[in-house]
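This report concerns only the one structure given below.
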Amino acid sequence: MEIEFYDKNIVNNDKLLYAIVVSRYKDKWIFVKHKERDTWEIPAGHREPNEDIDYTAKRELFEETGAKDFKITYVNDYSITLGEEKSYAALFYADIYTLGKLPDFEIGEIREFEDIPNNLTYPNIQPYLFNKVKDEINKFVF
C-alpha cells in the first residue's frame, strides 16, 4: 500500500471518490463507530455522482456526527495505491462548534478522544491521514 499527498484541487473533482473529515469538538478529536463494526474511524464517505467534493465533506460530517455548526477546511488530496489499483480522495479538517442529534444512518456512536484511538477500522490508512491534518493545522491557523 502506498499513500501520496497532493495539493488540494490538483486531482480532478470527478476522480475524488471519498471525503475524509478529521474533526475536533471542544479541543478533542471526533471518531465514529459504524453500527456494524466495533472499531473507530474518521468521519468520511463516498462522493455521490455529480456531487462536488466540498459538499460531500459537509454532508458526510453532518450524517456521521450530527455536526450543526462547524468550519470545514479543504486540506489536500491524496491517493492510495493497493496493488495495481489507485484511488483518490480529499482530506478535510473541521472545527465543530455545535453537535446536534446523530442522524439515523450507518453511524451508531461518536466519541471524543485526546488523540487517535488504537482500535481503528482502517489502521493502515487512518493514522497517516490523521497525522497529515495535525501537521497542517500546526503550520497554519485555519
Side-chain angles (χ1 to χ4, degrees), residues 1-6 8-9 11-142:
M1 181 190 71
E2 181 182 356
I3 298 175
E4 294 179 73
F5 292 102
Y6 312 95
K8 64 184 176 182
N9 299 314
V11 177
N12 184 303
N13 193 36
D14 292 341
K15 286 187 173 186
L16 298 168
L17 302 178
Y18 306 94
I20 289 72
V21 189
V22 177
S23 309
R24 280 200 297 198
Y25 175 66
K26 296 184 178 179
D27 293 323
K28 295 200 176 171
W29 299 102
I30 295 288
F31 284 83
V32 300
K33 190 182 284 187
H34 192 281
K35 288 179 180 177
E36 297 176 359
R37 291 189 277 273
D38 208 17
T39 52
W40 296 103
E41 51 200 74
I42 296 168
H46 293 86
R47 183 179 66 85
E48 299 295 334
N50 301 315
E51 185 176 64
D52 182 80
I53 200 67
D54 292 300
Y55 182 80
T56 304
K58 293 172 186 170
R59 177 180 55 75
E60 289 291 345
L61 183 64
F62 168 73
E63 289 178 3
E64 297 207 349
T65 68
K68 294 175 84 174
D69 183 26
F70 53 86
K71 179 183 177 188
I72 194 164
T73 303
Y74 197 148
V75 177
N76 62 353
D77 298 327
Y78 71 95
S79 64
I80 296 179
T81 304
L82 296 169
E84 303 278 325
E85 190 173 323
K86 186 180 235 182
S87 60
Y88 297 91
L91 184 59
F92 292 83
Y93 169 71
D95 267 320
I96 300 172
Y97 307 121
T98 306
L99 284 172
K101 183 179 181 211
L102 182 63
D104 189 20
F105 292 118
E106 72 269 8
I107 300 302
E109 182 181 353
I110 66 169
R111 188 177 294 170
E112 302 162 31
F113 291 88
E114 293 290 334
D115 205 355
I116 191 168
N118 292 324
N119 189 20
L120 295 171
T121 304
Y122 307 104
N124 295 329
I125 300 169
Q126 291 185 7
Y128 290 104
L129 305 178
F130 181 79
N131 288 325
K132 177 67 172 175
V133 169
K134 278 179 69 174
D135 290 346
E136 292 300 316
I137 63 175
N138 286 333
K139 289 182 198 174
F140 306 103
V141 176
F142 287 114

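- Partners of Lys134 according to the side chain to side chain donor-acceptor pair (under 3.5 Å) rule, which considers only residues two or more places apart in sequence or in another chain, are Asp115.
- Applying the side chain to side chain donor-acceptor pair (under 3.5 Å) rule to Thr56 yields the partners Glu51; only residues at least two apart in sequence or on another chain are considered.
- The side chain to side chain contact (heavy atoms under 4.5 Å, CB included) search around Asn124 returns Met1, not counting sequence neighbours.
- Within the structure, salt bridge (charged side-chain N to carboxylate O under 4.0 Å, His left out) contacts touching residues 21-30 (residues at least two apart or in different chains) are Lys28-Glu114.
- Residues forming a side chain to side chain contact (heavy atoms under 4.5 Å, CB included) with Ile107 (at least two apart in sequence, or on another chain): Val32, Glu64, Leu102, Ile110.
- Applying the side chain to side chain contact (heavy atoms under 4.5 Å, CB included) criterion to Phe5, with sequence neighbours excluded, gives Ile3, Asn76, Tyr78, Leu91, Leu129, Lys132.
- The two residues Phe70 and Ile96 have their closest heavy-atom pair at CB-CA, 3.9 Å.
- Every residue meeting the side chain to side chain donor-acceptor pair (under 3.5 Å) condition with Thr39, not counting sequence neighbours, appears here in chain and number order: Thr121.
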Show me the donor-acceptor pairs within less than 3.5 Å that the side chains of residues 11-20 make with the rest of the protein, sequence neighbours left out.
residue: Asn12; atom: OD1; partner: Asp14; partner atom: N; Å: 2.8
residue: Asn13; atom: OD1; partner: Ile53; partner atom: N; Å: 3.2
residue: Asn13; atom: ND2; partner: Asp52; partner atom: OD1; Å: 3.3

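- Judged as a salt bridge (charged side-chain N to carboxylate O under 4.0 Å, His left out), the pairs with a partner in residues 34-46 (not counting sequence neighbours) are, in order, Lys33-Asp38, Lys35-Asp104, Arg37-Glu41.
- Put simply, the side chain of Ser23 reaches to within 4.5 Å of the side chain of Val21, judged on heavy atoms.
- Residue Ala67 comes nearest to Phe62 through the heavy atom pair O-CD1, 3.3 Å, listed as atom of the first residue, atom of the second, then distance.
- Ala94 and Leu61 get closest at one heavy-atom pair: CB-CD2, 3.7 Å.
- The neighbour count for Tyr128 OH, taken as heavy atoms of other residues, nucleotides or ligands under 6.0 Å away, does not exceed 12.
- Tyr74 and Asp77 share a side-chain donor-acceptor pair at under 3.5 Å.
- In this structure Asp69 satisfies the side chain to side chain contact (heavy atoms under 4.5 Å, CB included) test together with Tyr97, Thr98, sequence neighbours excluded.
- A search for ring pair (Phe, Tyr, Trp, His ring centres under 6.0 Å) contacts involving Phe31 returns Phe113, Phe130, not counting sequence neighbours.
- Inter-residue side-chain proximity for Arg111 and Trp40 is flagged as met; some heavy-atom pair is nearer than 4.5 Å.
- For Ser87, there are no side chain to side chain donor-acceptor pair (under 3.5 Å) partners, not counting sequence neighbours.
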